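Keep in mind it's a predicted model, so treat the numbers as computed, not measured. Here is how names work: the chains are called A, B, and so on, in the same order as the sequence lines, proteins then strands, and each is numbered from 1.
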There are 2 protein chains.
Amino acid sequence: MNITETEDLMRELGRVFLMAHRRIDRAMTACGASLARTKFLIYIARHEGHAHAAGIAELFDLAPRTVTEALDALERDGLITRQADPNDRRVKRLTITDEGYRAISATEPLRHELMDDICRYMTAEDKAGLIEGLRKMAAAME
Amino acid sequence: MNITETEDLMRELGRVFLMAHRRIDRAMTACGASLARTKFLIYIARHEGHAHAAGIAELFDLAPRTVTEALDALERDGLITRQADPNDRRVKRLTITDEGYRAISATEPLRHELMDDICRYMTAEDKAGLIEGLRKMAAAME
DNA sequence: GCCATATAATGAGGTTCCTCATGAATATAA
DNA sequence: TTATATTCATGAGGAACCTCATTATATGGC
């Protein structure tokens, strides 16, 4: 029935996402920076000099409070620094440290390797089909 | 290129899962019991009389500690009770209370409604294809 | 029967997310 | 120009996950 299929799909979606996320996150954490931290670092590196918390919250669809907290941890561990923005005294500018760059370069290749491994049984058409299906689900939620 | 497609797929998978999960979880929480709590309750209801923490950890692939903590919260809120098992004094038997049943019946229909809504643009073939693709990913991780 | 090993639950402590409330600074409108 | 609204970051507190260590109990090999 339709109901069962929907339920199977949702269950499978959760199961696969969680498996993949845990696998990648564990390996990366053991190697310098978790998935969550790495995505922040990459953003800050790309926006060199004018990255700020609100932009991260917006892009990754996170609550502002979540971002503040994650940045606290990154700053504590010496991967980023925060400075006051002279143009707008509400915002704090984020910059990545050498240690932060090291964390990115240590974990980036690993991340791709693991993603490729997870997708190793899939053809290009499989992937394209999957992406299309996922986009239909996303469309229903926007 | 292949690399980009893999990366797109993984990104889309995470985005869609998180969107769906948050949407369903928020609605259910507002209505009596979160997604995480409901799945525990359903398990306990189905295994009436001989549900225990290790079984939950096994089925949902969670760390035992996570289960203990979730059960603490369910017990605190009066949705379940824990009793010593006379046959094996290591285990605690779980039973669901009337309040627990109420939480399930309040949130179950809502959950299905939301899942159907999220899948509303997808045909049965779309869903089957998606499930198949997800299973290929799961297979690569087992 | 006794001991090594396995299993059940939990203590301690950490991460990544959330909501709701607050303080400070800026932008807008009357 | 003063009042109002918006935006930025964060305090307070909580949920759902994790690892590693610990205690109590069972169990299988000798």
Query raised in the report: So which nucleotide from dA9(D), dC17(C), dA9(C) ends up closest to the side chain of H52(B)?
Result: dA9(C)
**Report entry** Carboxylate-amine/guanidinium proximity below 4.0 Å for R15(B) and E142(A)
**Finding:** yes
Query raised in the report: Can you tell me if the side-chain N/O atoms of T29(A) get under 4.0 Å from OP1 or OP2 in dT15(C)?
Result: no
Query raised in the report: Toward the 5' end of DNA chain D, which comes first, T68(A) or L18(A), by nearest nucleotide?
Result: T68(A)
Query raised in the report: Whole-Å distance between dT25(D) P and K92(B) NZ?
Result: 11 Å
Report task. Check the distance between dA9(D)'s P and L62(A)'s CG and give it to me in whole angstrom. Result -> 14 Å
Query raised in the report: Can you tell me how far C1' of dT16(C) sits from NE2 of H21(A), to the nearest Å?
Result: 9 Å
Query - Pair R111(A) + E108(A): basic N to acidic O under 4.0 Å - result: yes
Query raised in the report: Which nucleotide in the set dT10(D), dC18(C), dT16(C) lies at the smallest distance from any side-chain heavy atom of P64(A)?
Result: dT10(D)
Requested in this report: Tell me whether the OP1 or OP2 atom of dT19(D) has a side-chain N or O from R26(A) closer than 4.0 Å.
Outcome: yes
Requested in this report: Could you tell me whether R82(B) contacts a base, only the sugar-phosphate backbone, or nothing, with contacts defined as non-hydrogen atoms closer than 4.0 Å?
Outcome: sugar-phosphate
Requested in this report: Specify the separation, in whole Å, of atom CG of N87(A) and atom P of dA9(D).
Outcome: 14 Å
**Report entry** Pair D85(A) + K92(A): basic N to acidic O under 4.0 Å
**Finding:** no
Query - Closest-nucleotide ordering on DNA chain C, the 5'-leading residue of K39(A) and A54(B) - result: A54(B)
Query raised in the report: For the side chain of R90(B) and the base of dT7(C), is some donor closer than 3.5 Å to an acceptor across the two?
Result: yes
Query raised in the report: Separation of D25(B) atom CG from dT19(C) atom P, in whole Å?
Result: 10 Å
Query - Phosphate OP1/OP2 of dA16(D) contacted by S34(B) side-chain N/O (<4.0 Å) - result: yes
Query raised in the report: Which residue, R65(B) or A73(A), contacts DNA chain C at a nucleotide closer to its 5' end, judged by nearest heavy atom?
Result: R65(B)
Query raised in the report: Roughly, in whole Å, what's the span from CZ in R22(A) to P in dT16(C)?
Result: 15 Å
**Report entry** I24(A) CD1 - dT16(C) C1' separation (whole Å)
**Finding:** 16 Å
Query - Nearest to side-chain heavy atoms of R89(A), which nucleotide of dT16(C), dA8(C), dT26(C) - result: dT26(C)
Query raised in the report: What nucleotide, of dA16(D), dC18(C), dA9(D), holds the atom closest to the side chain of E69(A)?
Result: dC18(C)
Query raised in the report: Looking across every strand, which nucleic acid part, if any, lies under 4.0 Å from D88(A) by heavy atom: base, sugar-phosphate, or nothing?
Result: sugar-phosphate
Query raised in the report: Under the criterion side-chain contact (heavy atoms from CB on, under 4.5 Å), which of L71(B), D77(B), T29(B), I42(B) is the partner of R37(B)?
Result: D77(B)
Query raised in the report: When all nucleic acid strands are considered with a 4.0 Å heavy-atom cut-off, which category describes D61(A): base, sugar-phosphate, or nothing?
Result: sugar-phosphate
Query raised in the report: Base, sugar-phosphate, or nothing: which does A63(B) touch, judged by heavy atoms less than 4.0 Å apart?
Result: base
**Report entry** Ion pair K127(A)/E7(B), N-O distance below 4.0 Å
**Finding:** no
Report task. Could you tell me whether R82(A) and D72(A) have a side-chain N and a carboxylate O separated by less than 4.0 Å? Result -> yes
Query raised in the report: Out of dA16(D), dC18(D), dA8(C), which has the shortest distance to the side chain of V91(B)?
Result: dA8(C)
Query raised in the report: How close or far is atom P of dT16(C) from atom CG of L41(A), stated in whole angstroms?
Result: 11 Å
